[in-house]
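Here's the structure, in structure tokens; my notes come after.
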Amino acid sequence: MKIVWLGHSGFRIEIEDQVLLIDPWLAGNPLFPEERRAEAIGDATHVLVTHGHFDHAADTIAIARELSIPTVGIFDLMSWWESREGISVIGFNKGGTVRLGNVSVTMVNATHSSSIQGPDGPVYGGTESGYMIAGEGHVIYVSGDTDVMADMEIFNDLHAPDIGLLCAGGHFTMDMKGAAYAARTFFNFKTVIPCHYRTFPLLEQSAEALKQDLPGVRVIEPEVLVPIEI
């Protein structure tokens, strides 16, 4: 399995027979080298979207059209994109599970907000979510944008993820201290990879606090387009 950070909250996950793009915001992302776009999206099989905000969903339609691949996410947003944009979608909802080849993806709750910028202001974009992605003997928890939630205890009981891709930049989501609290209180991760940080000055720039608060957990500060092999 390879997990490749695309900057901000974007990931490329090569798992089983699938190449999943998670919230791939590439154009305009200060951390992403746009000349390497083809490398980042090559051979992708699906795009998974956690919510409608531009820094998670802005490139989705273009990538889905370019590669002729389905977009996966909350039913409301997927239905809207299918009808307005004509892209192939897989819409489902929290608690639901879909099979993508040999990979199992379950949608879980998050606490944040979700909208798309329309001509007259924000447009409802379905509700925010996270994912449990299971394959190759691992379960990856993609938190999406969220604060700490008591729901996370249930997530661990039901799915037992060993890898956490956790938003941790603060301001818009939980910060490093919050992410560490969630990890040690509700989960039994072996590996944690922070995201939604370093992109802008108002976000946290280092994961040192996360590392200090999670002794015994492999905390990896990712580098853009450098594969992490699990």
Side-chain angles (χ1 to χ4, degrees), residues 6-13 20-32 34 37 40-41 44-98 100 105-133 141-149 151 165-175 195-203:
L6 305 179
H8 200 56
S9 288
F11 286 93
R12 172 189 173 99
I13 301 178
L20 309 177
L21 300 179
I22 315 294
D23 288 349
W25 173 41
L26 309 180
N29 181 340
L31 295 180
F32 183 80
E34 292 189 34
R37 181 178 183 278
I41 71 173
T45 58
H46 299 82
V47 181
L48 276 65
V49 179
T50 63
H51 64 292
H53 289 159
F54 79 93
D55 55 332
H56 297 257
D59 285 82
T60 298
I61 293 168
I63 293 172
R65 285 176 175 161
E66 180 179 340
L67 301 181
S68 298
I69 59 175
T71 297
V72 183
I74 195 81
F75 177 81
D76 313 62
L77 182 57
M78 297 303 103
S79 298
W80 195 63
W81 276 345
E82 183 179 40
S83 63
R84 289 177 60 94
E85 306 293 345
I87 62 173
S88 175
V89 303
I90 299 173
F92 65 133
N93 218 308
K94 297 171 186 180
T97 300
V98 296
L100 307 179
V105 178
T106 300
M107 185 182 292
V108 297
N109 195 31
T111 180
H112 188 60
S113 62
S114 179
S115 62
I116 301 167
Q117 190 61 35
D120 300 314
V123 177
Y124 171 70
T127 59
E128 61 278 12
S129 64
Y131 294 108
M132 294 290 175
I133 301 173
Y141 171 42
V142 177
S143 73
D145 282 6
T146 192
D147 190 11
V148 182
M149 302 177 293
D151 299 35
L165 308 185
L166 305 182
C167 62
H171 195 85
F172 298 106
T173 73
M174 58 188 177
D175 59 12
C195 63
H196 209 283
Y197 80 120
R198 288 171 43 191
T199 320
F200 311 110
L202 57 74
L203 300 181

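Atom CZ of F92 is surrounded by more than 12 heavy atoms from other residues, nucleotides or ligands within 6.0 Å.
Across A57 and V49, no two heavy atoms sit closer than the pair CB-CG1, 4.1 Å. Considering all non-hydrogen atoms of both residues, L203 and G170 come closest at CD2-O, 3.4 Å. Taking all atoms of both residues into account, the shortest heavy-atom contact from Y131 to V72 is OH-O, 3.6 Å. Across H46 and L100, no two heavy atoms sit closer than the pair NE2-CD2, 3.7 Å. Between L21 and P24, the closest heavy-atom pair is CB-CG, 4.0 Å. Closest approach of Y197 to L31, counting heavy atoms only: O-CD1, 4.0 Å.
Going from atom CD1 of I22 over to atom CG of L48 covers 4.0 Å, rounded to the nearest 0.5 Å. If you take CG on L26 and CZ on F32, they are separated by 4.5 Å, rounding to the nearest 0.5 Å. How far CD1 of I41 is from CD1 of I69: 7.5 Å, rounded to the nearest 0.5 Å. Note that the CD atom of E82 and the CZ atom of F75 stand 8.5 Å from one another [nearest 0.5 Å]. How far OG of S88 is from CG of L67: 12.5 Å, rounded to the nearest 0.5 Å.
E66 has a carboxylate O that lies under 4.0 Å from a charged side-chain N of R37, or vice versa, which qualifies the two as a salt bridge.
Residues T199 and P30 are in side-chain contact: their nearest non-hydrogen atoms beyond the backbone lie under 4.5 Å apart. Looking at W81 and L77, their side chains come closer than 4.5 Å, going by heavy atoms from C-beta outward. With a 4.5 Å cut-off on side-chain heavy atoms, M149 and N109 count as touching. At a threshold of 4.5 Å between non-hydrogen side-chain atoms, the residues V108 and D151 do not count as touching. Considering only heavy atoms from C-beta on, M78 comes within 4.5 Å of T71 through its side chain. Side-chain contact between I116 and Y124 is absent, with no heavy-atom pair separated by less than 4.5 Å. Contact check for V105 versus T97: no side-chain heavy atoms found under the 4.5 Å cut-off. Counting only heavy atoms from C-beta outward, the side chains of L165 and S143 never approach each other to under 4.5 Å.
Side-chain atoms of T50 and D23 include a donor-acceptor pair closer than 3.5 Å.
You'll find the ring centres of H196 and H171 outside the 6.0 Å limit.
For the ring pair (Phe, Tyr, Trp, His ring centres under 6.0 Å) with W25, the qualifying choice from H8, H56, H53 is H8, the only one to do so.
Between the side chain of E128 and the backbone N or O of T146 there is no donor-acceptor pair closer than 3.5 Å. One N or O on the side chain of R65 and one on the backbone of E85 form a donor-acceptor pair closer than 3.5 Å. In this structure, S114 contributes its side chain and G52 its backbone to a donor-acceptor pair below 3.5 Å.
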Would H51 and S129 count as a side-chain contact (heavy atoms from CB on, under 4.5 Å) here? Give the steps.
CA-CA 7 Å; H51 64 292; S129 64; over 6 Å; no
